[in-house]
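What you see is a predicted model; the values in this text were computed from it and never measured. Heavy atoms only: backbone and side chains are in, while hydrogens, waters and symmetry mates are out. So you know, we letter chains A, B, ... as the sequences are listed, proteins then strands, and number each from 1.
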2 protein chains.
Amino acid sequence: MKETVDPRYAIAPQIFRALRQAIVTMELLPGQALSEKEIAAAFGVSRQPVREAFIKLGEARLVRILPQRGTFVVRISLSDVANARFVREAVEVAVARAACSIASNDAQARLADLVTAQAAAASAGDHRGFLALDEEFHRTLAEAVDCPTAWPIVEDVKAQMDRVRYLSLPEASPMSRLIEQHGAILAAIARRDPDAAAAAMRTHLSEILIALPRLARANPDLFDDSDLPAHATLGMARQ
Amino acid sequence: MKETVDPRYAIAPQIFRALRQAIVTMELLPGQALSEKEIAAAFGVSRQPVREAFIKLGEARLVRILPQRGTFVVRISLSDVANARFVREAVEVAVARAACSIASNDAQARLADLVTAQAAAASAGDHRGFLALDEEFHRTLAEAVDCPTAWPIVEDVKAQMDRVRYLSLPEASPMSRLIEQHGAILAAIARRDPDAAAAAMRTHLSEILIALPRLARANPDLFDDSDLPAHATLGMARQ
DNA sequence: AAAACCATACTACCATACCAGTTATCGGGC
DNA sequence: GCCCGATAACTGGTATGGTAGTATGGTTTT
C-alpha cells in the first residue's frame, strides 16, 4: 500500500476517510488486522494521526480496537446494519418531511440536477459515480432543510449500509429503481406532501433490506453470524 | 482545578466525559479557553488523551478548535440547539413508535420504575438526580427496542440541549410536567398506540422550546447571536 | 509424545519532544 | 503619544520514545 496525504490539512481526518473508504469498498476485508505502524508507513506519516483515525473508525463500529492486541476490521453485523438503517431512516424521513415545508425552489432544482446526473451515470454504467451522486443527493437534501448537523450523523451510520451496497455491486444493481425513488421523493416535496415524501424516503431506504439476507447467506465469511438478525420490527418500523 | 482519573481504564474518554459535563453544567462558560497543557496538569496526565477528548468535544460542537490558536468553549448556538433537537426528535420518535411493537413487559416495568424514582427525586427537590434519571429513562427506552446504537447518537446531540436545561435549572423547572410526559409515553406504549407514543415523545422533546427564547434574551452573553434562529419549521417539524 | 513454560515480537496506550503557526508584549523610531 | 516591527510566549499538530499487556512459537520438562 502506498497512499498519500496532503500535509497542508490535518492528517488524521484524511487517514480516517481513506481507511473508511477502503473498508466500505471491501478493499480491506473483515478480520484484516490494521497495524498503526504499517498504515503510518504506507501514508508516510507518524503513528499518532493513524491512531486518531482508528479511534473514529472504532466509534463507527467499522473496526474493533483490542488494547495491547490489535485493531481489526469487523465483520458485517446484521444488527449493526439494522440499527444504522433505523437511525438513518428516522433522520432522513424527518428531513424529507421538513423539506416539504421549507425546501427552496433553488434547492429543489439542485436536487433535480443530481437525479439527472445519476441517470447519466447509470446509462454510462458508472456504478462508483452513481453512488457518489446518491450520497450528494442525500447530503444536499439535509442542507436544504437548514439542518447541516444531520448529515454528518447520517454519514456516520451510512457506512454500515454502504459496505453492504458495495458488496452487491458486482451483480446488476437496480440503479434505475433508485433513480425513480429519488424522483418520487422530489415529486412529493415539490407538491408539498409530507406523508408522501416520508413514504418515498422510507421505501428508498428499505431497498437495502431486499438484498441483505441473500448477501449474508452468500458471503457467510464476511458476516457476523453471532448476532441474530435484529428484531424484524427494527427493519420495518412504520411511522 | 484538581480532577482525577482512573488509570486502569482508558484516560481519554474519562477526560471527555468530565469536560463535557463541565461544559453542559455551565461550570465552563462559553468563551472559556481550554488549554491542553493546563487540563493535562489538572488531571495529572499527559497532553495526548486531553487532545483526544478535545477532538470529540469539537465534533459535538461544544468547543471550537482553532489550530495553533486555542480551543474554546462555544457559545450556545440557537441553530445548533435546533438542529440537535431535530435529530433527537427524529430518532426518539422512531424509538417510541418501535417500542409500541416490541417493548417487553420487563422493559416497561423498568421504565415505570424510573418514572417513580423521578417522582421521588422531584419531591426531594433533587434536580441533579432528576436529570440523571431522565437520561436513564431515554437510554433504557432505546435499549428496549434493540437499538443500542441509537443512544450514543442521541447522547451526543443531547449535550447541546442539556446546556440549555442546566441554564434553566435555577428557576423553578416543571419537573412534574416532565414526569407526566414520561408517563404519557409509557401509557401509549403500554396500549400499543404508536401515534400516541410519537405525539407524546414529540411533546416531551419540544418542552425545551418554551424556555429557550426567554433564556437567550436573558443571557445574551452565553448565546451566539450571529446565527438567526433556525427556520421555525425545524423546531416544529410535524411528521 | 504431550504439556507447560519462557523468550520474543508484536500490540495499543500514554508520555515526551519537536515543529509550525498565532498572538501578545515590549522596545524603538517617528 | 502613537504606530510599527522584532521577539518571546503561547497554541495545537505531529513525531518519537517508553511501558505494560498479549499472542506465538520454540524449548524444556514430565
Looking at DNA chain D, which of residues 48-63 of chain A put a heavy atom within less than 4.0 Å of it?
-> A/Gln48, A/Pro49

Taking only N and O in the side chain of [X], is any of them less than 4.0 Å away from OP1 or OP2 of [N]?
X       : N      : answer
B/Ser46 : C/dA15 : yes
A/Thr71 : C/dA12 : yes
B/Ser35 : D/dT11 : yes

Mind calculating the distance between [atom1] ([X]) and [atom2] ([N]) to the nearest angstrom?
X       : N      : atom1 : atom2 : result
B/Tyr9  : C/dC14 : OH    : P     : 14 Å
B/Phe72 : D/dC10 : CZ    : P     : 14 Å
B/Phe43 : C/dC14 : CZ    : P     : 14 Å
A/Ile15 : D/dG13 : CD1   : C1'   : 13 Å
A/Ile11 : D/dG12 : CD1   : P     : 18 Å
A/Leu66 : D/dA23 : CG    : P     : 9 Å
B/Glu36 : C/dA15 : CD    : C1'   : 13 Å
B/Gln32 : D/dT11 : CD    : P     : 13 Å

Under a 4.0 Å heavy-atom criterion, the protein footprint on nucleotides 20-26 of chain C, written with B, S and -, is BBSS---

Residue closer to the 5' end of DNA chain C, A/Lys37 versus B/Gly44 (nearest nucleotide) | A/Lys37

Side-chain contact, heavy-atom cut-off 4.5 Å: [X] with [Y]?
X        : Y        : answer
B/Phe223 : B/Leu167 : yes
B/Leu57  : B/Ile65  : no
B/Leu66  : B/Thr71  : no

Residues two or more places apart in sequence or in another chain: which of them pass side-chain hydrogen bond (donor to acceptor under 3.5 Å, both in side chains) with B/Arg139?
-> B/Glu143

Between [X] and [Y], is there a side-chain N and carboxylate O pair less than 4.0 Å apart?
X        : Y        : result
A/Arg85  : A/Asp80  : no
B/Asp134 : B/Arg165 : yes
B/Glu38  : B/Arg47  : no
A/Glu52  : B/Lys56  : no

Give the minimum heavy-atom separation between B/Asp224 and B/Arg75, together with the two atoms involved.
-> N-CB, 3.7 Å

With a 4.0 Å cut-off on heavy atoms, is B/Ala10 in touch with a base, just the backbone sugar-phosphate, or nothing at all?
-> sugar-phosphate

